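Below, chains carry the letters A, B, ... as their sequence lines are ordered, and counting in each starts from 1. Just so it is clear, the structure is predicted and the values come from calculations on it, not from any experiment.
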Number of protein chains: 2
Amino acid sequence: MSTPRIRQPSMRDVARASGVSYQTVSRVINDQERVHPETRARVLAAVDALGYHPNSAARALVTGRGSTVAVVASNTSLYGYARTLEGIEDAAFAAGYTVNITVLRSPDQSDRADAVERLLSQPLAGLIAFTHDDLARSAVEDVPSRMPAVTVFGTGAGGRAHILLDEEGGARAAIRHLLDLGHRTIHHAGVPPLLPSGRLLGWRATLEEAGVPRPEPIPVTWEPRSGYEVGSAIARQHDITAVFAGNDDIATGIVRALIDSGRDVPGDVSVIGFDDTPLAAYTRPSLTTVSQDFVELGRRAFDLLHGLIEQDDQPAGPTVLPTHLVTRESTGPPRR
Amino acid sequence: MSTPRIRQPSMRDVARASGVSYQTVSRVINDQERVHPETRARVLAAVDALGYHPNSAARALVTGRGSTVAVVASNTSLYGYARTLEGIEDAAFAAGYTVNITVLRSPDQSDRADAVERLLSQPLAGLIAFTHDDLARSAVEDVPSRMPAVTVFGTGAGGRAHILLDEEGGARAAIRHLLDLGHRTIHHAGVPPLLPSGRLLGWRATLEEAGVPRPEPIPVTWEPRSGYEVGSAIARQHDITAVFAGNDDIATGIVRALIDSGRDVPGDVSVIGFDDTPLAAYTRPSLTTVSQDFVELGRRAFDLLHGLIEQDDQPAGPTVLPTHLVTRESTGPPRR
DNA sequence: ATCGGCGATGTGAGCGTTCACATCGAGTGT
DNA sequence: ACACTCGATGTGAACGCTCACATCGCCGAT
């Protein structure tokens with residue numbers, strides 16, 4: 001009449017059921033050599049019969065390393081980040097890892113410390129941080145260097161392995177496209193902080209190389225609403241003929257505001273986006289934008305981390321994934 | 001000259017540094033009573049000095065339960081799911097839990113078993129499954145009932161605590177809106193499987209109650225491209241004056257196709273979406289759609305799970321969160 | 001003075017695994 | 001027939017923590 005302990009079966013239970021020692025069970029579970037095929041079969045049968053699952057907490061405890069990779073980001077629902085996360089999860093799952101997410105919402109120092117604290121108390125194999133803004137960037141600095149880590153987006157942080165999309169190249173292609181169409185200069189509606197952004201860099205450098213005036217960037221947030229507000233302001237400045245937006249949502253907001261203000265796109269103003277979201281081809285006008293493969297980025301980021309975890313092979317420099325311009329309806333020659 | 005073991009400091013190290021036993025350290029860490037304030041301060045100082053983090057694997061091993069909640073979904077990057085995930089993460093973080101994601105990509109039986117296997121080998125506190133399709137639904141069935149679990153979206157599964165958005169109510173409001181405008185019937189472009197979907201149910205029931213013809217639903221996928229294809233077909237059938245789309249992306253694709261085919265929206269055909277994505281207000285025409293608070297859904301789903309974990313209070317019935325119709329430009333009276 | 005009681009702290013055991021090493025039996029070369 | 005190797009399996013310890021229980025002072029009540 002003892003209490004019926006609801007307990008997952010352990011290696012010992014499997015060992016007892018198959019008449020071997022727990023060590024042999026361990027060998028079978030971990031696919032090691034030196035186990036008689038017959039014994040292996042017997043153990044496997046017992047595993048199946050008892051519904052045994054290895055306990056990863058116990059394993060992590062003794063090995064000192066888990067099979068979970070943590071993803072640290074300030075946002076996970078914007079299209080690009082969500083897709084990148086998807087890529088990470090995909091590759092991680094295939095490699096037998098599990099994915100944990102931590103969203104850094106507040107720039108508050110103690111909140112961040114708390115998040116990092118909690119991160120490190122788990123048995124992690126490694127960490128991937130979205131370093132497009134300062135939140136994740138400074139969190140990475142707090143992570144002990146012994147923990148394998150990869151930074152994605154932006155400029156990276158803490159000298160970690162870094163992978164990013166060629167936003168600068170994409171921006172250059174976008175600006176060149178507009179210049180080739182005959183625009184005298186191109187305005188940029190970007191999300192601060194603007195400095196480390198490849199988009200800003202590509203925009204500025206290309207204008208500079210072309211020797212055309214470089215207007216001040218217009219600060220926005222990631223929401224279409226913010227794009228709409230900027231677009232309304234731009235509509236009043238008739239000297240602006242081309243706008244390079246920080247992403248497709250902003251671009252869509254700008255387009256809508258311009259048209260609501262009676263201006264034509266691309267007749268009066270050309271607008272170019274960034275990301276090539278699934279909707280970009282179906283808005284009116286459809287958006288000329290820069291296409292990026294976020295899922296691939298996520299997969300590659302995991303692969304990089306995986307290499308770091310397994311063989312500690314630190315890559316020499318940052319990995320840069322290509323982007324490409326997709327020309328659609330929202331850009332055209334300026335009205336003369 | 002011993003090997004310099006890179007090892008996180010443990011409770012024992014903290015105990016040694018502050019001159020108490022490891023048990024006292026444990027009490028301090030877990031905020032228990034019965035510790036002298038002075039001792040507590042001394043321990044805390046040592047914790048800080050050594051940079052001690054509790055090892056959650058060890059804790060999970062002995063308590064038999066982790067502080068991680070797993071989210072099981074077939075997709076995490078579509079707007080609604082990404083936002084729901086965000087809400088879960090937010091609430092979980094606030095409550096001291098960590099979030100793990102598992103994407104069920106393939107309907108393959110053994111893949112699913114593999115995923116559940118891996119899920120259960122972790123030290124979980126509970127599980128949240130997005131049961132809008134069969135993938136997560138059948139995974140929930142494989143989870144032992146002792147594991148606290150909450151199902152989100154759709155019809156739920158396994159008799160678990162269930163929370164969902166009032167899609168049916170939203171669909172009803174949408175259809176009524178169109179009927180009120182004078183449409184004779186409303187077509188539905190939905191994503192199969194159609195049966196358990198509240199959108200389909202609300203659409204069908206409202207048409208039925210109005211005593212108007214109920215056309216066959218038109219199958220689509222979640223992509224705008226699929227909407228475009230359906231829209232092109234609809235453009236040829238001039239008797240169709242109103243379409244209720246499965247989500248805003250599909251609606252946008254349909255709108256674009258209709259206009260590309262020379263038909264006017266809403267002049268010739270009214271189109272209504274679902275979700276109220278940030279972009280819905282800025283497309284042309286802006287979309288009449290059903291607004292849903294996904295973030296809140298995620299938060300509430302976690303709260304539900306949290307209740308299950310802490311006090312095992314199983315709610316009586318499903319929780320239904322309100323949705324509401326947002327009227328914009330894509331709907332209007334039919335041309336007579 | 002003696003004792004129960006209670007607040008503060010310590011001790012032993014065990015959670016389920018892996019690692020390092022020990023053992024054991026059957027072949028192999030001489 | 002001998003030590004000798006090697007493949008197969010077993011044993012003890014440890015990972016860092018929490019649980020249950022033991023201990024130790026010190027208080028006021030008798």
Rounded interatomic separation in angstrom, taking [atom1] from [X] and [atom2] from [N]:
| X | N | atom1 | atom2 | value |
| --- | --- | --- | --- | --- |
| B/H36 | C/dA8 | NE2 | P | 8 Å |
| A/D31 | C/dT18 | CG | P | 12 Å |
| B/R65 | D/dT18 | CZ | P | 14 Å |
| B/R59 | D/dC15 | CZ | P | 19 Å |

If you check the [X] side chain, which of [options] turns out closest?
| X | options | result |
| --- | --- | --- |
| B/V62 | C/dA8, C/dT17, D/dT18 | D/dT18 |
| B/P54 | C/dG16, D/dC17, C/dT18 | D/dC17 |
| A/T24 | C/dG16, D/dT9, D/dT18 | D/dT9 |
| B/S10 | D/dG16, C/dT11, C/dT18 | D/dG16 |
| B/T63 | D/dC19, C/dG16, D/dG16 | D/dC19 |

Handout entry: Test item: A/T68 side-chain N/O and A/Y97 main-chain N/O as donor-acceptor pair under 3.5 Å
Key = no

Problem - B/N55 side chain near D/dC15 phosphate (N/O to OP1/OP2, under 4.0 Å) - result: no

Problem - B/Y22 vs C/dG12: side-chain N/O to OP1/OP2 distance below 4.0 Å - result: no

Problem - Heavy-atom side-chain proximity of A/T155 to A/R137 below 4.5 angstrom - result: yes

Handout entry: First encountered from the 5' end of DNA chain C, between B/R27 and B/L61
Key = B/R27

Practice task
Would you classify A/T39 as touching base, sugar-phosphate or nothing, given that sugar-phosphate means primed atoms plus P, OP1 and OP2, and contacts are heavy atoms under 4.0 Å?
Solution key: sugar-phosphate

Fill in the blank from the handout: Sorted by position of nearest nucleotide on DNA chain D, 5' first, the leading residue of A/R42 and B/S26 is A/R42

Fill in the blank from the handout: Residue pair A/S21/B/Y52 against DNA chain D: nearer the 5' end by closest nucleotide is A/S21

Problem - Ion pair A/R105/A/D111, N-O distance below 4.0 Å - result: no

Handout entry: Residues B/R146 and A/Q8: side-chain donor-acceptor under 3.5 angstrom
Key = yes

Handout entry: Check: D/dT11 base within 3.5 Å donor-acceptor of A/Q23 side chain
Key = yes

Handout entry: Least distance between heavy atoms, A/V103 atom then A/N75 atom
Key = CG1-N, 4.4 Å

